[in-house]
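In what follows, a structure is listed as structure tokens, so that the remarks can point back to it.
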Amino acid sequence: MTINAGVACADTTGCRSRTEPGAAPESGPGLDAAAALFRSLSDGTRLAIIRRLARGETRVADLVAELGLAQSTVSAHVACLRDCGLVEGRPQGRQVFYSLARPELMDLLSSAETLLSATGSAVALCPDHVS
């Protein structure tokens, strides 16, 4: 799966670069795509939507009720995930049912949970972490 580093859902939150001042950060098509993927997953609401979609397809209205967020907020996050190629919609009449486009995403999140368990609170306490 190719992810465009310039997609709308690639926000700028996350750990700062650990390169020396004046040094060019390591980049390239593969790293840019990986960074965009992780930025698209860096929002708690988007992760909650992905976890819900792992249980099966659903509508934005159902996500609104389950997450307790405004419809516009949920729609924007679903659109972000759709634009990134992580979620797909299936129109049915006037409704759209959303589901995960790539089941491998759950493998990635499972690996992340394993890594977080192994590192304890090190990620949360990272001095370079930007909230």
Tell me which one of R82, R59, R52 satisfies side chain to side chain contact (heavy atoms under 4.5 Å, CB included) with Y98.
R82
Testing the basics here: between S40 and L81, what is the closest heavy-atom pair and its distance to 0.1 Å?
O-CD2, 4.2 Å
Looking only at heavy atoms, what is the nearest atom pair of A101 and P103, with distance?
O-CD, 3.9 Å
What do the steps show when you test H77 against T73 for side chain to side chain contact (heavy atoms under 4.5 Å, CB included), and what is the final call?
CA-CA 6 Å; H77 285 292; T73 300; 3.7 Å; yes
If I compare all heavy atoms of I49 with all of V74, which pair ends up nearest, and what's the gap?
CD1-O, 4.3 Å
What distance separates M106 CE from L100 CG, expressed to the nearest 0.5 Å?
6.5 Å
Mind listing the closest non-hydrogen atom pair of V60 and S75 along with its distance?
CG1-OG, 3.5 Å
Is it the case that one hydrophobic cluster holds both I50 and L67, taking links as side-chain heavy atoms less than 4.5 Å apart, direct or via other members?
yes
Quick check: is L69 connected to V78 through a chain of hydrophobic side chains (ILVMFWY, heavy atoms under 4.5 Å apart)?
yes
With distance as the sole test, does S42 use its side chain to make a donor-acceptor pair with the main-chain N or O of R39 at under 3.5 Å?
yes
With rounding to the nearest 0.5 Å, note down the distance linking CG in L109 to CG in L116.
10.5 Å
Can you tell me how far CZ of R46 sits from CG of L53, rounded to the nearest 0.5 angstrom?
13.5 Å
According to a 4.5 Å side-chain heavy-atom criterion applied to Ile, Leu, Val, Met, Phe, Trp and Tyr, with indirect links allowed, do V87 and V96 form part of one hydrophobic cluster?
yes
